[in-house]
Structure formats: C-alpha cells, structure tokens
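Structure, as structure tokens:
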Amino acid sequence: MAAVLPNSTMNTNMPGLARALLQGGKLSQQQAESLSRQSVSEKLPFIDVLLQSATINSSEMAAFCSEVFGYPLLDLNAFNSALLPDKIVDAKLMQTQRVVALNKRGNKVSIALSDPTNSAALDQIKFQTQLNVEPIIVDHSLLLKLIEKLTQTAEQDLNELIGDDLDNIDFIEDEAAAPIDASTVDIDDAPVVKFLQKILIDAISQGASDLHFEPFEKFYRIRFRVDGVLRDIAQPPLAIKEKLASRIKVISKLDISEKRVPQDGRMKLVMSKTRSIDFRVSTLPTLFGEKIVMRILDGSQAQMGIEALGYEEEQKNTLLEAINRPYGMVLVTGPTGSGKTVSLYTCLNILNKPGINISTAEDPAEINLPGVNQVNVNDRAGLTFPVALKAFLRQDPDIIMVGEIRDLETADIAIKAAQTGHMVFSTLHTNDAPATLTRLMNMGVAPFNIASSVILITAQRLARRLCSCKQPTSIPDEALIEAGFDESDLDGTWLPYKPVGCERCNGSGYKGRVGIYQIMPITENIERIILNHGTALEIEEQAQQDGVKNLRQSGLVKVKQGLTSLEEVLGCTNI
C-alpha cells in the first residue's frame with residue numbers, strides 16, 4: 001500500500017472516500033481534487049463520479065474499502081435477496097443513502113454499503129432502528145441493482161406500464177353530482193392517473209365490456225372481460241390499490257372515505273371532440289381492499305342497427321313487426337351480459353322519431369340516447385320503478401321502457417300501460433322465452449293480463465364470433481346429431497369451423513360476439529296455454545310447433561354459417 005500523504009498536502013473539503021483512495025495510492029492528488037470538484041458541481045455522490053470516470057472499477061473499489069476499513073466483504077451475486085429482512089430500513093433511506101439491511105440478529109443489524117465513509121447513513125439507520133449497526137462492504141454496481149429491485153415503487157412500475165401519450169385523454173364528471181373537493185386529490189399521484197387512463201384506453205381498444213380491479217393479500221390484479229371471457233391484463237404493485245381506488249371513486253363522484261359498504265357511480269372518458277365513453281362503476285369491500293368493477297357503456301353500440309346484432313332474417317322481421325305495433329309489451333330476457341340493453345336501445349333507436357314520446361326508467365341509464373327521456377331510479381330518494389312508471393303515464397307517453405321487472409307492482413303497472421294504448425319494453429332474468437311467461441305468473445300477475453298484453457318475448461345469448469383465422473374441422477355425425485342437428489342438415493355441403501388463434505384475436509381464435517336469439521311471438525295457441533295456467537314446457541312445445549327456434553337451434557344455425565364454433569354454442573345454450 002502506498003505511503004499515507006501528509007495532511008498538509010490534502011484538501012480538507014475532499015470527501016472521505018477520496019482522501020482514503022488518495023492515501024491508498026489509488027488516486028493522484030490531481031485526480032482526487034478533480035473528481036471531488038465534479039461531484040460538487042454535478043451534485044452527484046463522489047463514488048458515482050469516481051466509477052463513471054473508470055479510474056477504478058466497482059469490484060476493485062469494494063476490495064480496497066474492505067481491506068482499508070477492516071469491514072467484511074460480501075458478494076451480492078451469491079446472496080439470496082428473498083431472505084432479506086423486511087421493513088428495517090425504509091425505501092426512502094435505502095435510496096438516498098445507498099444502504100440495504102442484510103440481516104438482523106438480536107439488537108444488531110448488518111448493513112450493506114459501498115462507501116464506508118458515509119457515517120451519516122450509519123447514524124441515521126442506528127437512530128431509525130435503535131439497533132447496533134454492523135457495516136458490510138459490497139460492490140457498488142450490484143448494490144444499486146439490489147436497491148432498485150427492492151425499492152421498485154408503484155410509480156416506477158406504472159411508468160413502465162404506461163408508455164403511451166395520454167395528453168389528449170381526459171375525464172369528465174357528472175355535472176349533476178356534487179363538485180369534487182380538490183383537497184382529496186393527491187397531486188403526487190400523476191403516475192396512478194396516467195396508469196388508470198392507459199388501462200381504460202386499452203380496455204376500449206381491446207373491445208372489453210368490463211374491467212375488474214381486484215386486491216388480494218399478496219398481489220393486485222386487473223382483468224378485462226373481452227368477448228364474455230375474463231383475461232388477466234396486469235398485476236400492478238399492491239401498494240397502489242388505495243390510490244387507484246381513490247382516484248376511480250373521485251372521478252365517479254363516490255365517497256372516498258367510505259370503504260365499508262358498496263357504492264355505485266358513473267364516469268366519462270373523453271377520447272376526442274367527437275367521442276366519449278361512459279363507465280358504470282361499482283365498488284365492493286373485500287377482505288383485502290375494495291374490488292372495483294367498471295362496465296363500459298359505449299353509446300355507439302345502440303347506433304349499430306338491427307342488422308349488426310345477428311338476428312336471422314325471419315327473426316328480425318318478427319321483431320320489427322312487434323315493436324312497430326301501437327301498443328303491447330315486448331320482453332327481452334337473458335342473463336347479465338347477454339346484450340339485453342343493446343337490443344332494447346336498438347329497438348328504441350328505430351322508434352325514436354320526432355312524433356314519438358319515449359320515456360325510460362333504468363337503474364341506471366346505461367346508454368345516452370338523444371331524443372329519449374331517460375330517468376335513473378333512486379330507491380333511497382323514493383324514485384322506484386313503480387313511481388317512475390306512474391309518472392310516465394301522466395307525461396303523455398307513446399313508448400315506455402322499464403329497465404327490469406323485479407316485482408309484482410312494477411309488472412302490474414307495466415301491463416296496465418300496455419293494455420291502455422302504450423308500447424312497453426322491459427327485461428327479465430330467465431333462461432328462455434317460455435320461462436318468462438311462467439315467471440310473470442309466479443310473480444302473481446293474472447294469466448289474463450299476461451295473455452292480453454305481452455305480444456313478443458325474445459331470449460338471447462352472446463356467443464364468441466370466430467376470428468378470420470378459423471379453419472374447417474371434422475366432427476362425427478353422431479356428435480352433431482347429439483348437439484341438436486337434424487340428419488337432413490348433414491348433407492356434406494358445409495363443415496363446422498374451429499378456432500385457431502392469431503395476432504388479431506390474441507391467440508384465442510375468437511374476435512367479437514354474435515347474438516343467438518329465440519324470438520317467440522305470443523300466438524293465439526300460446527295465449528290459450530297461458531289462460532289455462534300452462535307450464536313453460538307446454539309453451540315451449542307450442543312455440544316449436546309455431547316454428548320458433550329455441551336458443552340451441554338458433555346457435556346451430558350460426559355454426560352452419562361459420563360464425564361461431566359448436567363448442568361455443570354448446571357452452572352458452574341448453575337443449
């Protein structure tokens with residue numbers, strides 16, 4: 001080792017590490033002073049400037065510091081970072097002072113650092129932890145990598161996930177709601193705001209219908225429902241779950257301080273001057289935080305036209321004939337997510353003319369349709385479906401749409417409206433069209449009222465549409481017949497298709513969805529069965545005789561047309 005230089009020849013303002021290297025002969029006087037001045041002018045730690053200059057490499061530096069200062073030397077490459085103790089040194093101190101807690105035994109903590117002259121860091125750790133500190137020398141470059149890994153913050157992760165220019169994207173809150181309190185928004189949460197915007201844009205571009213933000217004990221998950229199937233999209237840092245939930249609740253006009261009960265709200269994302277997308281927001285308290293589900297309400301879907309929904313020509317004509325009648329009731333049935341709202345709004349859009357007065361009661365109104373008087377029911381305020389319906393009847397309506405018939409009172413008022421010269425649209429949750437009639441009877445609606453008011457019921461499902469990468473496949477005739485095909489269908493003029501997968505459909509083999517419908521007009525024969533308190537099975541048999549295809553039969557038509565696969569139809573319909 002080189003001789004120690006006299007103190008008179010050394011700059012007292014020189015960092016401790018620079019003086020040690022100068023004394024040890026690793027740096028000349030000129031190098032030490034030049035690097036020290038550069039460190040001050042660039043406001044960088046001396047060790048960073050030193051290693052950037054390539055005067056000495058990080059491994060040589062670690063060996064030198066261990067030998068001169070008498071501290072143990074550790075190779076971080078051979079250390080399992082998963083064994084590091086948690087929360088002894090906070091992330092901020094770790095980043096600013098370049099230290100990592102390696103081990104804790106009793107009242108002693110081992111601290112990895114690359115600059116042993118950084119006594120301020122050791123004092124800070126001792127004060128913060130109230131433990132005795134044992135320095136361990138490590139390679140500086142390896143230490144920085146470890147710190148980056150350990151202190152990978154939500155902001156860093158989110159910036160990696162964002163990547164897109166979102167300057168033209170903005171949120172608009174519902175003007176009817178209370179104004180946002182600016183004090184509730186953390187100005188330092190810009191990465192969370194941008195991340196949320198990016199997620200929403202991705203959901204829209206992928207054609208998602210719902211977004212799920214789900215907190216769990218060890219991770220946070222975001223999923224999209226695309227073509228009826230949930231897909232994992234991202235797992236952002238668990239630490240952002242509170243900020244992300246608060247941000248969504250702020251722009252949805254929800255109470256950010258209330259985390260114990262479910263809440264419902266709405267928000268709007270402005271894509272451009274001509275396009276904006278509404279979202280229905282629902283929060284739910286779970287074991288590890290609030291789960292948030294956002295339903296995308298794209299009003300352009302109601303403008304697609306009836307041809308785009310997948311009705312067969314005969315079904316379309318039957319439906320159009322029914323909705324253009326002057327009075328009666330048309331019911332749409334199916335599970336959640338089967339496209340009932342889009343079907344209803346498509347019908348309303350067809351009928352939406354200057355000479356027609358249309359009023360709707362919904363919970364909530366999902367699609368904004370200009371020219372239609374839409375009312376959100378509010379049970380807390382006393383604005384229920386029955387109250388709204390009674391009000392509509394005093395507003396000179398031509399067409400009434402009820403979001404859902406949930407009880408006898410709503411059903412009675414809707415049926416009376418249909419019997420007194422109004423066209424009424426509504427939905428129910430049943431498996432098929434015949435079951436809808438028996439459901440109304442089970443609610444307590446008199447069979448005579450059902451027979452005299454209901455003119456058509458449509459049951460529907462949404463099946464995934466095959467992507468253009470589809471390929472013909474061979475399925476045994478026995479399997480096709482078992483699925484519901486007639487022997488006359490198996491004439492060899494067509495082949496079913498199977499999903500393959502490509503970039504366009506993200507490997508799923510499906511892109512978009514197609515409707516499968518059971519359009520059942522209420523004929524005189526079905527009216528007689530209703531009046532005789534007939535069962536759904538009897539109604540189903542009569543409908544078949546009247547030429548009504550059930551959901552399975554309608555789905556098999558889509559298979560023959562190559563629009564969807566047999567597996568998809570079997571999965572979403574019953575015989």
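The figures that follow rest on heavy atoms only: side chains count, while hydrogens, waters and symmetry mates do not. All values derive from a computational prediction rather than experimental measurement.
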So, taking the atom named [atom1] in [X] and the one named [atom2] in [Y], what distance separates them when rounded to the nearest 0.5 Å?
X	Y	atom1	atom2	result
Ile277	Met294	CD1	CE	12.0 Å
Gln471	Tyr497	CD	OH	10.0 Å
Leu456	Met520	CG	CE	8.0 Å
Asp264	Asn376	CG	CG	11.0 Å
Ser343	Tyr517	OG	OH	4.5 Å
Ile292	His212	CD1	NE2	12.0 Å

Just by modelled atom types, is the [Y] backbone N or O under 3.5 Å from a matching donor or acceptor in the [X] side chain?
X	Y	result
Asn373	Ile358	yes
Gln263	Ser282	no
Gln518	Ala433	yes
Gln460	Gly339	yes
Asp432	Ala435	yes
Asn324	Leu320	yes
Asn317	Glu313	yes
Thr427	Gly403	yes
Asn431	Pro335	no
Ser252	Val281	no

Kindly indicate, with the supporting measurements, whether the criterion salt bridge (Lys or Arg N to Asp or Glu O under 4.0 Å) is fulfilled by Glu568 and Arg513. CA-CA 11 Å; Glu568 186 69 11; Arg513 289 197 281 181; over 6 Å; no
Could you go step by step and tell me if Asp407 and Thr410 meet the side chain to side chain donor-acceptor pair (under 3.5 Å) rule? CA-CA 6 Å; Asp407 51 48; Thr410 305; 2.7 Å; yes
Applying side chain to side chain contact (heavy atoms under 4.5 Å, CB included), run through Ile481 and Asp489 and close with a yes or a no. CA-CA 9 Å; Ile481 291 172; Asp489 294 323; over 6 Å; no
Full working for side chain to side chain contact (heavy atoms under 4.5 Å, CB included) between Val557 and Glu312: CA-CA 9 Å; Val557 172; Glu312 299 300 321; 3.6 Å; yes
Can you tell me if [atom1] on [X] sees more than 12 non-hydrogen neighbours from other groups inside 6.0 Å?
X	atom1	result
Gln206	CD	yes
Tyr327	OH	no
Lys316	NZ	yes
Phe448	CZ	no
Gln544	CD	yes

Take Gln315 and Ser554 through the test side chain to side chain donor-acceptor pair (under 3.5 Å) and record every step on the way to the result. CA-CA 10 Å; Gln315 293 177 332; Ser554 295; 3.3 Å; yes
Can Asp255 and Ser257 be said to form a side chain to side chain donor-acceptor pair (under 3.5 Å), step by step? CA-CA 5 Å; Asp255 184 355; Ser257 65; 2.6 Å; yes
Salt bridge or not for [X] and [Y], using N-O below 4.0 Å?
X	Y	result
Arg464	Asp227	no
Lys416	Asp412	no
Arg295	Asp278	no

Is any side-chain heavy atom of [X] closer than 4.5 Å to a side-chain heavy atom of [Y]?
X	Y	value
Leu244	Phe195	yes
Pro499	Cys467	no
Lys340	His429	yes

Report the C-alpha distance between Asn442 and Arg439 in whole Å, list the side-chain angles of each, state the deciding distance to 0.1 Å, and finish with yes or no for side chain to side chain donor-acceptor pair (under 3.5 Å). CA-CA 5 Å; Asn442 290 337; Arg439 170 75 185 277; over 6 Å; no
Have Asp546 and Thr523 got a donor and an acceptor in their side chains that come within less than 3.5 Å? yes
Does the side chain of Tyr311 come under 3.5 Å of the side chain of Thr318 through a donor N or O and an acceptor N or O? no
Does Arg465 form a side chain to side chain contact (heavy atoms under 4.5 Å, CB included) with Lys511? I'd like the steps, not just the answer. CA-CA 6 Å; Arg465 186 188 293 267; Lys511 185 70 175 177; over 6 Å; no
Search all heavy atoms of Val330 against all heavy atoms of Ala322 and return the closest pair with its distance. CG2-CB, 4.4 Å
Could you walk me through whether Leu428 and Glu404 satisfy the side chain to side chain contact (heavy atoms under 4.5 Å, CB included) test, starting with their C-alpha distance in whole Å, then the side-chain angles of each, then the deciding distance to 0.1 Å, before giving a yes or no? CA-CA 6 Å; Leu428 276 90; Glu404 183 182 352; over 6 Å; no
Pick from Lys243, Lys259, Lys249, Arg260: which one makes a salt bridge (charged side-chain N to carboxylate O under 4.0 Å, His left out) with Glu290? Lys249
Using the six-membered ring of Tyr220, assess whether NZ or CZ of Lys241 lies under 6.0 Å from its centre and within 45 degrees of the ring axis. no
